[in-house]
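We name chains A, B, ... by the order of the sequence lines, and we start the count at 1 in each one.
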Amino acid sequence: MTIKIYNTFTRKKEVFEPLSSGYVRMYVCGITAYDRCHIGHARSAVVFDAVLRYLRYRGFEVNFIRNFTDIDDKIINRSIEEGISSEALADREIRHFSQDMDALGVFCATKEPRATEHIQEIIELIEILITKGHAYTSGGDVYFSVRSFSGYGTLSRRNIAEMRAGARIAVGEEKQDPMDFALWKAAKPGEPKWDSPWGPGRPGWHIECSAMSMKYLGPTLDIHGGGLDLIFPHHENERAQSEAATGKTFVRFWMHNGFVTILSEKMSKSLGNFITIREILEKHHPEVLRLFLLSKHYRSPLDYSPDILMETTCALDRCYTALSEAIHLAERSIKKQRLLTYEAKESIETLDHLKNRFEYAMDDDFNTAQAIGHLFDGVRALNRLGQEAEKRPSVLYAEPLKFGVQTIQDTFRVLGLLNQEPDAYLRNRNLEALGLLGMTEADVLKVIKDRTRAREEKDWATADRIRDALEAKGIILKDGPDGTFWTIKPLT
RNA sequence: GGCGGCGUAGCCAAGUGGCUAAGGCGACGGUCUGCAAAACCGUUAUUCCCCGGUUCAAGUCCGGGCGCCGCCUCCA
């Protein structure tokens, strides 16, 4: 069994083998720390988190680096607006990022380097490029000479001659070629600056990733990931700089995730339609967002709407409900030794095959959408097994039920899902939703008590009136042999 | 204009040329229930935007339309 990955460079799925057997060098472009992360950042983070988890699950040791861009035009501009230092701004937004990632259950990288902590490495790399004739100084700036690197444009499949014709040169830039890009920018008065052989200034955006990836992973990466929009110019430029400097292949597998749209429109600051991770997590469980982000193949566009998260909540609840009920059924003390039914055996077979199917889907370019489909088959099988156990109790059901719960949890957890203890998840979700309604559990339990009395007196009209009144608020009652339980409909 | 992608049921969404086109949400019918809910069972795409072609066989490959979208400037 081998993993296949779609490589942006060749535009094909290729069999994945790391350069060093069993050891994967992986680098993903992190954020520019100047604002809160939105759902697009969440997608990239969660997708590559799933890639990381799956590679580890398959037995690879993964050295995973995700950087922070903590010096940049946007950071400088925003820090001036806010009247704080660019350093303070970047620190704050990196902290926010880490909070969001923790909430989403995204693993930390092996190392999360910051650009400003690697100025020395960046300068050394630029010097190599100058020495080799791939870069030149101009005033206090240093530019990469695009025409000195013959493969420029191969990754993004762009025609350089045509782009050159349409390119603009900003005022004050002294480039030999319009396509050349800055490796080092001379500091304007008042800007943050670092000393360099070319005078005080700061690194260009692209060079930091080359310098940091080389420092921590060496000249050749197995996987380099990021959003689709980074292909050009960012990754094209990274590739040019890195290969010009080392003469070696920079990246073996380029992976790019698709965009998130909002109500079918591109998310952008100018349209004002972006939604932050924090805003979503105020109303939804983090695993709901994760399940949503992984429910479509990572390379396809993904459309966000409030409704879709409500649907996803229903789907996730279904999983936790199934686990919870199976656990309780498995814990019952039954002495009968009745044989398992045909339906039960069929369900056990489905659960037996779950891991294989999951791996088959994930091996195919991390097809999480298909994998999740299989996982829901597992949930159905578990429910069915529980149904049989309830109808024809037998001690022989306990082990298969436990096995089913274990299998589903083990499998979903590779995607970072179903990490919660099922009863705790369901209870917390209900209590939180109740809080949003301005009610407490005591309020609901009192009403349920009243209704139980009515039911005992067979006063169905009153019982139904109480149930309907709660339902109007989104509280659903379930009458069972052990009493009445309440649950809450997912809210948008 | 250049480059790339997409168009599968009411909605979301998989689908390696070949058994009955996954899965989720929703809807409807049944089992269960005082009635409900949950769960389970069943139904919900004779067909994959349209037209040609290749093939014994196409949602899947090729050509041509139509429609939608992204990138080409900072952007996950």
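- Phe376(A) comes within 4.0 angstrom of sugar-phosphate atoms only, judged by non-hydrogen atoms across all strands, and of no base.
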Once each nucleotide of nucleotides 4-20 of chain B is scored for protein heavy atoms under 4.0 Å, what B/S/- sequence comes out, 5' to 3'? S-------SSSSB----

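- Pairs engaging residues 338-353 of chain A under the salt bridge (Lys or Arg N to Asp or Glu O under 4.0 Å) rule: Glu346(A)-Arg384(A) [sequence neighbours left out].
- Taking Thr462(A) as the reference, Asp459(A) meet the side chain to side chain donor-acceptor pair (under 3.5 Å) condition, with sequence neighbours excluded.
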Quick test: give all pairs of protein nitrogen or oxygen and nucleotides 39-41 of chain B nitrogen or oxygen below 3.5 Å, distance rounded to 0.1 Å.
residue : atom : partner   : partner atom : Å
A39(B)  : O3'  : Asn383(A) : ND2          : 3.0
C40(B)  : OP1  : Asn383(A) : ND2          : 2.7
C40(B)  : OP2  : Arg318(A) : NH1          : 3.4
C41(B)  : OP2  : Arg380(A) : NE           : 3.4

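- By the side chain to side chain donor-acceptor pair (under 3.5 Å) test, Thr116(A) pairs with Asp70(A), sequence neighbours left out.
- Here Glu93(A) pairs with His96(A) under the side chain to side chain donor-acceptor pair (under 3.5 Å) rule; sequence neighbours left out.
- Every residue meeting the salt bridge (charged side-chain N to carboxylate O under 4.0 Å, His left out) condition with Asp450(A), not counting sequence neighbours, appears here in chain and number order: Lys446(A), Arg453(A).
- Sorted by first and then second residue, the pairs that involve residues 298-326 of chain A and meet ring pair (Phe, Tyr, Trp, His ring centres under 6.0 Å), not counting sequence neighbours, are Tyr320(A)-Tyr425(A).
- Between His374(A) and Asp464(A), the one whose closest nucleotide on RNA chain B sits nearer the 5' end is His374(A).
- Contacts with RNA chain B (heavy atom under 4.0 Å) in residues 342-355 of chain A: none are found.
- The side chain to side chain donor-acceptor pair (under 3.5 Å) test applied to Asp364(A) returns Lys13(A), not counting sequence neighbours.
- The residue among Ala461(A) and Gly40(A) whose nearest nucleotide of RNA chain B is located toward the 5' end is Ala461(A).
- Looking at heavy-atom distances under 4.0 Å, Gly258(A) makes contact with a base.
- The salt bridge (charged side-chain N to carboxylate O under 4.0 Å, His left out) test applied to Glu112(A) returns Arg66(A), not counting sequence neighbours.
- The salt bridge (charged side-chain N to carboxylate O under 4.0 Å, His left out) test applied to Glu421(A) returns no partner, not counting sequence neighbours.
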